[in-house]
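Labels below follow one simple rule: chain letters A, B, ... track the order of the sequence lines, proteins then strands, and each chain is numbered from 1.
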Protein chains: 2
Amino acid sequence: MKSTIQFAPVTMGRASEEVALQIEAAILDGKIEPGDRLPSERELQLHFNTSRGVIREALQALKQKSLIEIKKGAKGGAYVREVEVSTAGESLALFIKRQPLDPQHLIEFRESLDRTITLLAISRGAEEEKIELLAKAKILETMLRQSDPDMVVLAELDRELNIMLARMTHNPIFEWIMQALQLGFSSSDVTLYQGEQYRKETGENWKNTAQAIADNEPLRALSHISYHYAMLLKLLDAVESTTDGNQKGLTGKRKD
Amino acid sequence: MKSTIQFAPVTMGRASEEVALQIEAAILDGKIEPGDRLPSERELQLHFNTSRGVIREALQALKQKSLIEIKKGAKGGAYVREVEVSTAGESLALFIKRQPLDPQHLIEFRESLDRTITLLAISRGAEEEKIELLAKAKILETMLRQSDPDMVVLAELDRELNIMLARMTHNPIFEWIMQALQLGFSSSDVTLYQGEQYRKETGENWKNTAQAIADNEPLRALSHISYHYAMLLKLLDAVESTTDGNQKGLTGKRKD
DNA sequence: TATTGTTATTTGGTCGTACCATAACAGCGC
DNA sequence: GCGCTGTTATGGTACGACCAAATAACAATA
């Protein structure tokens, strides 16, 4: 549609980066909007007066940043993506995966986050949201009572509960942080569920916490949260003392 | 050093993604460590039994994720990068640029974070750290009293204070989050300092808060923090009412 | 010996062309 | 109208060549 978009020809440095920067700037400035399709690689190749490889590398970079989405075939090409919460979370998740964290630090952070979120959820969350949260918590608890629950479904449900709670703050930043955390730790959290006692108490705690939230009783909710994390810490100590510490706990890497 | 690293040849789907995934996995599993250099593009081309373009696109993706760093010339190549905090911050910055956040949400998040961090800093921070924090806070306050302070230096000092406080929790997660936030919002924070009243009160508040921390008086510290953010909100309201709301406040984009 | 200038080699960066794979579309025949 | 088939636009892959930069090896010189 718009041939008015000006691309300066490129000569210096890493050409692909220049191209990527120019396109990124165009997107950030809103000159190209989400849903728009930018010219085909062969056209861009002409616009920028460069080779197709350069264009491809630039597009690859933008795709990595989740700025664009690339489709094959006719009418394919690079489409500007919509902004999503999860988008930003991925890199944080990657970061978390690489940096082995002390589980205690993680727990401490999560507890503080949970407390804040819970308080906000109580004061801001809609009635229906609280009811839905409670319902889901009850489902989780029921599932956890079973002798041989499906770990994957379980982890997913736990994840959903956390995110739902974060969403109830009606503050996207908390939702974003929570999503990132879930993304980063989802794989390791599963292992925890294997402890039977942990399962049982976790289920109860979720239910109790959700109940307290539904009843608008912040102190009771916080109390349950504290209990939950205290238990987690205790469990962690037990695990660490048995395995003699050559592992990194929650975020540790497991051998294949 | 280790030629034992096995790369499976690639045939299906988007080859470059496959390559990227395999290398990423190798890095994440610790099979290749930070500082290590992976084979040259031409060698990888053979390992993966693919074209050089594919390899280049894969490397480009990993570079974008800040997993590797690419150098030219002899002894050049792709080197596995050290993990850095700023890495995670960049995507947050991008996220914020595209999705202007409601300043109130931002303030809310920062306040909750500050409160948690402050409490932890009081209980965990070493004496010297507290003294240093107080010293820096006093410097900031002094600078802010001047009629024509250097905004850039000021913002930098403010940033340092925040990060130092976060570091005093002795929990790297808080430090990371704070760094990411500083990275993401640094540009917009500067504008705030232009309000004279804000400057003055902010300086005093930092000094008071640091003093309270040094004195191990959590409640007093929290009180100052609350006051600070309350003032920020008030100021924000004023700004928004005057500009008639066509801007996004803290995170809004400014015209060139 | 130490410093400096030169050459060679390695390695990423770019270019160009050809070809393949796929997704949408346009006809065509039924 | 339905379904098949070819057409076409477009990304994905493959070679092959050359350029540019960084380093190393070596020679020349003070």
Rounded to whole Å, the CD-P distance (B/E57 to C/dG13) equals 13 Å
What is the distance from CD of B/E69 to P of D/dA22, rounded to the nearest Å?
13 Å
Can you check the A/Y79 OH to D/dG11 P distance for me, whole Å?
9 Å
So what does B/G77 touch, heavy atoms closer than 4.0 Å: a base, only the sugar-phosphate, or nothing?
sugar-phosphate
Specify the residue among A/A74 and B/K63 whose closest nucleotide of DNA chain C lies further upstream toward the 5′ end.
B/K63
Reckon B/T50 has a side-chain N or O less than 4.0 Å from the OP1 or OP2 of D/dT13?
no
Quick one: does A/R42 reach the base of D/dG11 with a side-chain donor-acceptor pair under 3.5 Å?
yes
Take A/E69 and A/R81 through the test salt bridge (charged side-chain N to carboxylate O under 4.0 Å, His left out) and record every step on the way to the result.
CA-CA 6 Å; A/E69 178 184 13; A/R81 280 186 60 169; 5.1 Å; no
Are OP1 or OP2 of D/dA14 and a side-chain N or O of B/R52 less than 4.0 angstrom apart?
no
For the pair made of CD1 in A/I55 and C1' in C/dT14, what is the distance, rounded to whole Å?
12 Å
For B/E41, which residues count as a side chain to side chain contact (heavy atoms under 4.5 Å, CB included) partner, sequence neighbours excluded?
B/R52, B/I55, B/R56, B/L59
Here's a test of your reading of the structure: between A/K75 and A/S51, which maps to the more 5' nucleotide of DNA chain C?
A/S51
Verify the contact: side-chain N or O of A/R37 to OP1 or OP2 of D/dT10, cut-off strictly under 4.0 Å; return yes or no.
yes
For A/G76 and B/V54, take the nucleotide of DNA chain D holding the closest heavy atom to each; which residue's nucleotide lies nearer the 5' end?
A/G76
Going by an N to O cut-off under 4.0 Å, is there a salt bridge joining A/E160 and A/R167?
no
Find the distance B/K72:NZ to D/dC18:P and express it as a whole number of Å.
19 Å
To the nearest angstrom, the CD-C1' distance between A/E41 and C/dT22 comes to 14 Å
Can A/R110 and A/N162 be counted as having a side-chain donor-acceptor contact under 3.5 angstrom?
yes
Between A/E129 and A/H170, a side-chain donor and acceptor under 3.5 Å
yes
For atom CD of B/Q45 and atom C1' of D/dC15, their distance in whole Å
9 Å
Let me know the distance between NZ of A/K71 and P of C/dC25, rounded to the nearest Å.
11 Å
